[in-house]
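Take a look at the structure below.
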There are 2 protein chains.
Amino acid sequence: MGSAVTARDLARQLGVSQSMVSRAFDPAASVAPAMRARILEAAAAANYRPNGIAAALTRRRSRIVGLVMGELQNPFYPAVLEQMTLALQAAGFEALLLTVPPGQQADACLPRLRQYQVDAVVLTSASLSSAGAAHWLGDGRAAVLFNRTASGPTPLDSVACDNAGGARLAAEALLEAGRQELVFVAGRPDTSTSQERERGFLSAFAARGLRAPRRIAAGDFSYEAGHRAALQAGGADGIFFANDILALGGMDALRHAAGRRVPQDVAVLGFDDIPMAGWPGYALTTLRQPVAAMIAATIEILQARLEGDPQPARALRLPAELVPRGSFLPAG
Amino acid sequence: MGSAVTARDLARQLGVSQSMVSRAFDPAASVAPAMRARILEAAAAANYRPNGIAAALTRRRSRIVGLVMGELQNPFYPAVLEQMTLALQAAGFEALLLTVPPGQQADACLPRLRQYQVDAVVLTSASLSSAGAAHWLGDGRAAVLFNRTASGPTPLDSVACDNAGGARLAAEALLEAGRQELVFVAGRPDTSTSQERERGFLSAFAARGLRAPRRIAAGDFSYEAGHRAALQAGGADGIFFANDILALGGMDALRHAAGRRVPQDVAVLGFDDIPMAGWPGYALTTLRQPVAAMIAATIEILQARLEGDPQPARALRLPAELVPRGSFLPAG
DNA sequence: AGGGCTTTTGCATCCGTATGCAATCACAGC
DNA sequence: GCTGTGATTGCATACGGATGCAAAAGCCCT
């Protein structure tokens, strides 16, 4: 603390000005190569690193990105969080993690984020009101919705996977396998993921002139909700759950409570491809989200926006991939 | 950005000095009640909040706590992360999330944490070298190991659950139930959790003058490792896994690959009580870590240290609780 | 050698807030 | 009404670095 070396200390020690120390750390600054080398060497020796807080103050850019997470109990997100943090670090940002207190709107986090001069926000789970978004963006800060899409017209960029397309794949595979009585289990109704997956699933039926499959509302994206939903599925021979965690709960219900065999009696499909989907006890056939690509895209968009990219907001969609496992083996 | 209201703006508008605005936000400062009310009201109207970055600069305290996480793929940690973030927020801190790139020492994160003037660090999974710890603490910053204990003599505080005691409970329950051929499955060997759980498990045997149970090294704390380990368990009639995720992999192996019934043929116990342990498909009997209490203790220690508490480092242990489920029903 | 240029460097100042210190004010006691 | 005392307030400066601007130093050419 008192022992922390400052740019001034280093400058004095080297007999140069503090500005030069500052510039030596800015690759874009014009500094004689010899001088830069001398400074960086001395800095390394003294264990000096520019104070990020002070830099943030003058630059009006903190290089901190707020990560607003909810639903951390959905096993899809920990992996996202881990990779996102690493990717942000690699891009030169730090990640400030905010958890939305259950039931709250993400808008509640904005004041705290502004207070810490966060450059950008990545929102998963929770979304922003368009008023909140407009306010935030108006300040020259960036925001990206991850695995989510804004409902109304919005100035927010979003990155998600092609939920509808993935769900259509699920429906087509089930239909081609000759499954007759299909069911869709919806998750949290106010999420774009659940809505889009439902829409995509239905679209395959419409395209073939079939009547829409039965729909069960699980209420939210939890194991327990999936469990309950599956018990209402009656004699369905194919169930597409809005995400994996629902599907796992559903499979357990089907097998242990309803006494039905998966996949012989009933095929089960999920969405996300969380680690547990691959466990032999479940072997859940599912649609894999291209997480790595989604994260890369997110960061690219953030950086572009921070550099002032004036494009209108985009809703980027990356394709989901069907991962066949034991809970349903597609024909062919 | 340009539109951000500063304390000066507000002060000018109110015809007072900037200092008064600053003080109005400091509950300990002496400000006439009427003045404070007037300022806070105007602040609210103007949507003003003190710039945390600037405050951090003058205060030499950022009110940011670094959270160094690893093993985010272990479902025990997401819950910890979520609660920890909420608790830190409630205590007036922000959480900066750092992921240790796989295989790296947490020391690698310290420079970045210093750079952002983080007040304190909470380390889960990864640990600090004692040199790194000494350096960090010497700077007036705090650090706490969570769910981990330092191996050698160390100046680091730690909060964990009583792993040895919990493991002893597991052993005693198995022995009292008359299980004869017991096995301990170790996790990552260099973690205090695995070591202590093993030690505690063995101690129950020693106390009864029984020879030590068999030991299988899973290698790390993953589902797959647990799966592999269980296949080596032969005719064991009771297996205590160093944590839940190992136990789940083990149960699947026992049931689906080894064709053994749980709990009739073999009792299975885990440690942590992750959400999946409660799923009906597993119904894993396990030792619950008192996560909420551990987090509260962690924050309490952090705060005390930041206020200069000179106590020697403590290793706090909170008791684990046996949660009986279907994978092993203790006698009585 | 001198002029016109391009790099390098240093000087000052600013970012937005906190805080020690001195000035001011309010109010009680006499 | 005047002085003493404590509560309020304003002033000035510091925190650690970034950066516009001008001064200084090279450099190339005629």
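The figures that follow rest on heavy atoms only: side chains count, while hydrogens, waters and symmetry mates do not. Quick caveat, the model's predicted, so the values are computed rather than measured. In the text below, chain A, chain B and the rest are named by the order of the sequence lines, each starting its count at 1.
Within the 4.0 Å cut-off from OP1 or OP2 of C:dG16, at least one side-chain nitrogen or oxygen of A:R60 is found. Phosphate proximity of C:dT17 to B:Y48: present, with a side-chain N or O under 4.0 Å from OP1 or OP2. OP1 and OP2 of C:dA18 both lie 4.0 Å or more from every side-chain N or O belonging to B:T58.
If you measure from atom CZ of A:R49 to atom C1' of D:dG17, you get 15 Å, rounded to the nearest angstrom. A:F25 has its CZ atom 15 Å from the P atom of D:dT19, to the nearest Å. Atom CZ in B:R61 sits roughly 17 Å away from atom C1' in C:dT17 (whole-Å rounding). At whole-Å resolution of the value, CG in B:L57 and P in C:dC14 are 17 Å apart. Between A:Q115 atom CD and C:dG16 atom P there is a gap of 15 Å when expressed in whole angstrom units. Rounded to whole Å, the distance from CD1 on A:I53 to P on C:dA18 is 13 Å. The separation between A:D9 atom CG and D:dG16 atom C1' is 10 Å, rounded to whole Å.
Under the 3.5 Å distance criterion, with hydrogens and angles disregarded, no donor-acceptor pair is assigned to the side chains of B:R8 and B:Q18. Checking B:T124 against B:N147 by side-chain atom types alone, no donor-acceptor pair falls below 3.5 Å. Of the N and O atoms on the side chains of A:R112 and B:Q89, at least one donor lies less than 3.5 Å from an acceptor on the other residue.
At least one donor-acceptor pair closer than 3.5 Å links the side chain of A:R36 to the backbone N or O of A:D26.
Checked against the 6.0 Å centroid criterion, the rings of A:F25 and A:Y48 qualify as a close aromatic pair. Outside the 6.0 Å centre-distance limit, the rings of A:Y116 and B:Y116 are not counted as a close aromatic pair.
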Output a table of nitrogen or oxygen pairs between the protein and nucleotides 9-11 of chain C separated by less than 3.5 Å.
unit_1: C:dT9; atom_1: OP2; unit_2: A:A32; atom_2: N; d: 3.1
unit_1: C:dG10; atom_1: OP2; unit_2: A:S17; atom_2: N; d: 3.1
unit_1: C:dG10; atom_1: OP2; unit_2: A:S17; atom_2: OG; d: 3.1
unit_1: C:dG10; atom_1: N7; unit_2: A:R23; atom_2: NH2; d: 2.8
unit_1: C:dG10; atom_1: O6; unit_2: A:R23; atom_2: NH2; d: 2.9
unit_1: C:dC11; atom_1: N4; unit_2: A:S19; atom_2: OG; d: 2.9

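Sparse packing is recorded around CZ of A:R188, with 12 or fewer heavy atoms of other residues, nucleotides or ligands lying under 6.0 Å away.
Nearest-nucleotide positions on DNA chain C place A:P33 closer to the 5' end than the other of A:R8 and A:P33. Take the nearest nucleotide of DNA chain D for B:A54 and for A:D26: the residue whose nucleotide is more 5' is B:A54.
Nearest to the side-chain atoms of B:R59 among the listed nucleotides D:dA18, C:dT19, C:dG16 stands C:dT19.
A:T6 comes within contact range of the sugar-phosphate backbone alone, with a heavy-atom separation under 4.0 Å but no base atom that close.
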